[in-house]
Each structure stands twice: as structure tokens, then as C-alpha cells.
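Below: the structure, in C-alpha cells.
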Amino acid sequence: MSESVPGITPEVFAPVEAPVSPPQASEEVEFVQLLTPEGERVEHPDYSFDLDDEAIKGFYRDMTLVRRIDTEATALQRQGELGLWASLLGQEAAQIGSGRALNSKDMVFPTYREHGVAWCQGVDPLRLLGLFRGVDQGAWDPRENNFHLYTIVIGAQTLHATGYAMGQQRDHAIGDAENGEATIAYFGDGASSQGDVNEAFIWASVFNAPVVFFCQNNQWAISEPIDRQTRIPLYQRAAGFGFPGVRVDGNDVLATYAVSQQALKRAREGSGPTLIEAYTYRMGAHTTSDDPTKYRLSEDLEHWKLKDPIERVRAYLTRTAGVDHDFFDQIDAEADDVAATLRAGCLSMPEPELTDFFDTVYVEQTPQLVEQKAQFAAYAASFEGEVR
């Protein structure tokens with residue numbers, strides 16, 4: 001018999017109850033939905049979509065072009081032109097819906113997958129490719145488009161966003177639901193297990209910061225399923241921190257827009273943070289270095305294809321809004337042009353001067369960096385031939 005440990009009763013070592021798995025692909029999930037997978041408009045008691053069919057056509061265009069950009073970038077990586085690419089395939093509605101709910105003063109803190117939100121904010125897709133091609137470290141100006149640089153450290157951007165939102169609060173930029181300022185932070189279901197995210201929740205709650213936490217629950221944190229992250233729906237975690245949480249159909253661009261719009265208005269008027277869980281599915285790989293066939297079932301993927309965010313909008317526009325094939329043909333042609341421009345621009349990107357990286361660490365150069373730059377230049381010059 002093993003010796004007892006002082007202060008520890010045997011009950012401590014009793015097996016715990018097995019985690020409760022979240023709903024599988026074939027099960028029903030409760031969330032805010034305004035457009036069904038079949039393209040039918042439905043009502044919700046707390047949320048409504050108040051834009052017209054022209055706006056929905058705009059959403060369709062956004063999602064189609066963003067998916068084409070994503071497809072082209074994936075092809076470029078496969079051909080050796082990008083070092084890596086993080087696909088958004090299947091998550092277009094979550095990103096376009098929330099992105100189009102932003103006003104011109106709201107600030108975005110993305111992960112490394114928010115290509116659709118970048119599109120909504122006017123960031124040139126070539127800027128995104130420059131980062132993944134390795135010719136720069138993210139060359140867009142966050143102040144120009146209110147879209148911060150991609151964050152590779154999982155969950156860190158939620159702390160950045162909370163701090164920025166507290167700054168908006170102290171600058172007296174809130175108090176007006178329409179024209180005030182808010183911040184939105186994007187992260188995935190896997191990041192919800194990070195300490196940074198939970199710390200951000202605490203600070204945002206205690207200081208009533210005007211921030212929206214937008215979790216794209218795409219069911220997989222690389223190869224780990226959602227039941228390894230939580231025993232309850234993610235949006236319910238917000239209650240423990242003292243602010244509202246809501247789950248939305250992340251493949252429904254209308255519902256995502258409506259939920260995001262309400263959460264952002266709440267933040268701008270000074271009512272504090274909201275957690276949005278966009279329930280969606282990552283139809284592609286985590287990144288181009290990943291093989292999802294090793295850890296998930298093909299049946300799940302086929303099931304989620306029936307919930308495709310673009311196809312449901314197309315079904316609505318065709319069956320209800322009376323949009324003809326000419327519109328869709330024009331969007332497809334535009335998507336081809338965007339892809340061709342993207343490819344040509346990527347291939348023509350100049351190789352960087354490695355010493356330039358020393359110039360972009362701080363706004364004002366420091367003596368230490370000047371010395372390091374000189375040392376690196378001397379080291380590079382010691383090699384035969386041209387070293388960049």
C-alpha cells in the first residue's frame with residue numbers, strides 16, 4: 001500500500017468526470033441565425049439585419065473576392081513563392097460580416113488569418129503577401145487603415161486590443177454608439193485557452209473597456225478539437241468575467257454583421273466588452289504546413305460544405321432577390337482579375353536589403369542598433385559575392 005500524503009485525502013485522486021464534448025457536425029447548435037444554409041431569411045427576437053439587397057450583393061462580392069485571394073495565395077505557397085499561408089476558407093462570412101460592421105474610427109487587432117477583415121479595412125492584399133513571402137515584417141501602417149499588424153503569438157493581440165480600448169476610453173472617444181470608437185480583437189478557439197486571452201477578459205471587464213472579443217470557433221486548434229479547449233460553449237465564458245457573450249452562426253454573413261454591429265455599438269456608447277463566438281468551420285488546413293486529413297474526418301468536411309457561407313448568399317440572391325447570372329459572372333471575372341494582379345505583384349516584389357530591418361525596430365534609431373547594423377553589414381560583406 002502506498003504511503004498517504006499529509007493533507008491530501010484519497011478523494012483528491014478520484015477520477016474526474018469526463019469532459020462534455022461539444023455538438024458534432026451532425027447535431028443542432030443554438031446560435032443567432034438570419035440566413036439559413038438554404039438561403040432563406042429567418043427572424044431572430046434580439047437581432048435583425050436592416051440593410052437592403054444591394055448590401056447583401058456587396059457581401060457576396062466581398063466573400064467571393066476574398067476567397068479567390070485566399071486560393072491564389074495558397075497556390076503561390078505551393079509553388080514556392082510564399083513561405084507559408086494561413087487560409088480563411090470557410091470563414092469568409094465571419095470576417096466580412098464583422099468587418100463591414102466597423103466604422104471608420106474602430107480599431108482592429110487581428111491574428112494571422114484575418115485576410116477578409118483586412119480587405120474590409122482597405123489593406124492591399126499584396127501587403128499581406130509581402131509578410132508571408134518574407135520580404136518585410138508587415139509593411140502596412142496600422143494607423144492608415146485602423147488594422148494592426150498580424151500577430152503570430154497566439155492570443156497576445158487580445159491584450160494589445162484591451163490596452164488600446166482603455167486608451168480610447170481615457171481619450172474620451174466613447175459615448176456615441178454610432179460615431180464613437182471601439183476596438184475589436186480576433187482570435188480562435190484554441191487561443192481561448194491562452195492565459196493572455198483570459199487576462200484580457202479580466203482587464204476589459206474590470207475597466208469596462210470598449211472592446212469586442214471576436215472568437216472564430218472553427219472547431220480545430222491546429223490538430224486539437226474544440227472539446228480539448230472547453231467543457232461549455234465558448235461564449236458562455238463571458239458570464240464568468242462579467243460581460244455578455246453571444247454565439248452566432250459564423251457561416252451566416254447577415255447574422256454576423258448584425259451581432260457585431262450591436263456589440264460594437266455597445267462598446268462605443270460605453271457599455272463595455274462583449275464576447276462573440278462565431279461558430280464556423282475551417283474548411284482548409286490550419287496553414288499550408290498542415291495536413292488536416294491526419295486528424296479529422298472527411299465526413300465532417302462534407303457536412304460543412306453544405307453550410308458554405310458564399311453559397312447560401314448566392315441562393316438567397318438568386319431565389320429571393322431576383323439577381324441574374326450576369327451579376328455572378330461579373331464577380332467571377334473580377335475575382336480572376338484580382339488574382340492575376342495579386343500573382344503578378346507577388347512575383348515582382350523586390351528582394352529586401354537585410355540591413356533595412358534594423359531601421360524599422362524603433363521610430364528613432366538607437367546607438368545599439370546602429371552598432372548592430374554595422375556589425376551585421378561587416379559580417380555579410382565577409383562572404384564572397386553579393387549578400388542581401
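One is the number of the first residue; the rest follow in order along the sequence.
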Problem - Spacing of CZ belonging to Arg67 relative to CD1 belonging to Ile310, to within rounding of 0.5 Å - result: 3.5 Å

Handout entry: Donor on one side chain, acceptor on other, Glu114 and Gln216, under 3.5 Å
Key = yes

Problem - Working for salt bridge (charged side-chain N to carboxylate O under 4.0 Å, His left out), residues Arg133 and Glu81 - result: CA-CA 7 Å; Arg133 189 172 171 84; Glu81 301 298 341; 2.9 Å; yes

Practice task
Answer with yes or no whether the side chains of Thr280 and Asn251 bring together a donor and an acceptor at under 3.5 Å.
Solution key: yes

Handout entry: side-chain contact (heavy atoms from CB on, under 4.5 Å) against Leu234, all qualifying residues, sequence neighbours excluded
Key = Asp189, Ser192, Cys215, Asn217, Ile226, Thr230, Arg237, Glu277

Practice task
Could you tell me whether Glu334 and Arg61 make a salt bridge, using a distance below 4.0 angstrom between a side-chain N and a carboxylate O?
Solution key: yes

Exercise for the section: Could you grab the distance from atom NE2 of His160 to atom CE of Met107, nearest 0.5 Å is fine? Expected result: 13.5 Å

Exercise for the section: State, yes or no, whether a side-chain contact exists between Leu297 and Glu302 at a heavy-atom distance under 4.5 Å. Expected result: no

Practice task
Go through the steps to decide whether Asp252 and Tyr279 satisfy the test side-chain hydrogen bond (donor to acceptor under 3.5 Å, both in side chains), and finish with yes or no.
Solution key: CA-CA 10 Å; Asp252 176 357; Tyr279 196 85; over 6 Å; no

Exercise for the section: Verify whether one side chain among Trp140 and Asp124 offers a donor that lies under 3.5 Å from an acceptor in the other. Expected result: no

Exercise for the section: Run through the side-chain heavy atoms of Ile, Leu, Val, Met, Phe, Trp and Tyr, join any pair under 4.5 Å, and report what else lands in Val363's cluster. Expected result: none

Exercise for the section: Give a yes or no on whether the backbone of Ala182 and the side-chain of Lys105 come within a donor-acceptor separation of less than 3.5 Å. Expected result: no

Problem - Sidechain-backbone polar pair: Arg41 side chain, Thr36 backbone, donor-acceptor under 3.5 Å - result: no

Handout entry: Pi-cation contact, Phe328 with Arg314 (under 6.0 Å, within 45°)
Key = yes

Practice task
Please check if any side-chain donor atom of Thr183 sits under 3.5 Å from a side-chain acceptor atom of Gln168, or the reverse.
Solution key: yes

Practice task
Answer yes if the side chains of Tyr316 and Asp53 hold a donor-acceptor pair under 3.5 Å, and no otherwise.
Solution key: yes

Exercise for the section: Verify the distance criterion only: is there a donor paired with an acceptor across the side chains of Asp249 and Gln33 at less than 3.5 Å? Expected result: yes

Completion exercise
Rounding to 0.5 Å, atoms CG (Leu131) and CG (Leu126) come to a distance of 12.5 Å

Practice task
Would you tell me whether Ser271 and Glu269 have side-chain atoms, one donor and one acceptor, within less than 3.5 Å of each other?
Solution key: yes

Exercise for the section: Ignoring hydrogens and angles, tell me if any N or O in the side chain of Tyr362 forms a donor-acceptor pair with the backbone of Leu369 under 3.5 Å. Expected result: no

Completion exercise
Value for CZ (Arg247) from CD (Glu30), rounded to nearest 0.5 Å, stands at 9.0 Å

Exercise for the section: For the residue pair Tyr281 and Asp308, confirm or rule out a side-chain donor-acceptor distance under 3.5 Å. Expected result: no

Handout entry: Presence of salt bridge, Arg268 and Glu181, under 4.0 angstrom
Key = no

Problem - Donor-acceptor contact below 3.5 Å, side chain Asp356 vs main chain Asp359 - result: no

Problem - Ring-face cation contact, Phe327 with Lys57, 6.0 Å cut, 45° max - result: yes

Practice task
Answer with yes or no whether the side chains of Asp291 and Thr293 bring together a donor and an acceptor at under 3.5 Å.
Solution key: yes

Handout entry: Joint hydrophobic cluster, Met166 plus Leu159, side-chain heavy atoms closer than 4.5 Å
Key = no

Exercise for the section: Using modelled atom types only, decide if a donor and an acceptor are shared between the side chain of Ser382 and the backbone of Tyr379 within a distance under 3.5 Å. Expected result: yes

Practice task
Go through the side-chain N and O atoms of Asn103 and Glu178 and say whether any donor and acceptor fall under 3.5 Å apart.
Solution key: no

Exercise for the section: Compute whether any side-chain donor of one residue and acceptor of the other, for Tyr186 and Ser98, lie under 3.5 angstrom apart. Expected result: yes

Practice task
Measure the shortest side-chain to side-chain distance between Pro110 and His148 over non-hydrogen atoms and say whether it is less than 4.5 angstrom.
Solution key: yes

Exercise for the section: Indicate whether the side chain of His115 and that of Tyr150 have a donor and an acceptor atom separated by less than 3.5 Å. Expected result: yes

Practice task
Step through the shown structure and confirm whether more than 12 heavy atoms of other residues, nucleotides or ligands are within 6.0 Å of CZ on Arg343.
Solution key: yes

Practice task
Could you grab the distance from atom CG of Asp62 to atom CD1 of Ile96, nearest 0.5 Å is fine?
Solution key: 4.5 Å

Practice task
Would you check if Asp106 and Asn146 make a side-chain contact, meaning some heavy-atom pair closer than 4.5 Å?
Solution key: no

Handout entry: Sole residue of Val108, Val259, Thr256 in side-chain contact (heavy atoms from CB on, under 4.5 Å) with Phe214
Key = Thr256

Handout entry: Short side-chain donor-acceptor distance under 3.5 Å, Asp70 and Ser87
Key = yes

Exercise for the section: Can you measure from CD1 (Ile184) to CD1 (Ile276) and round to the nearest 0.5 angstrom? Expected result: 6.0 Å

Exercise for the section: Please report the closest heavy-atom contact between Gly116 and Gln95, naming both atoms and the distance. Expected result: N-OE1, 2.8 Å

Problem - Pairwise side-chain contact, Thr288 with Arg78, heavy-atom cut-off 4.5 Å (strictly under) - result: yes

Handout entry: Ion pair check, Glu72 and Arg68, cut-off under 4.0 Å
Key = yes

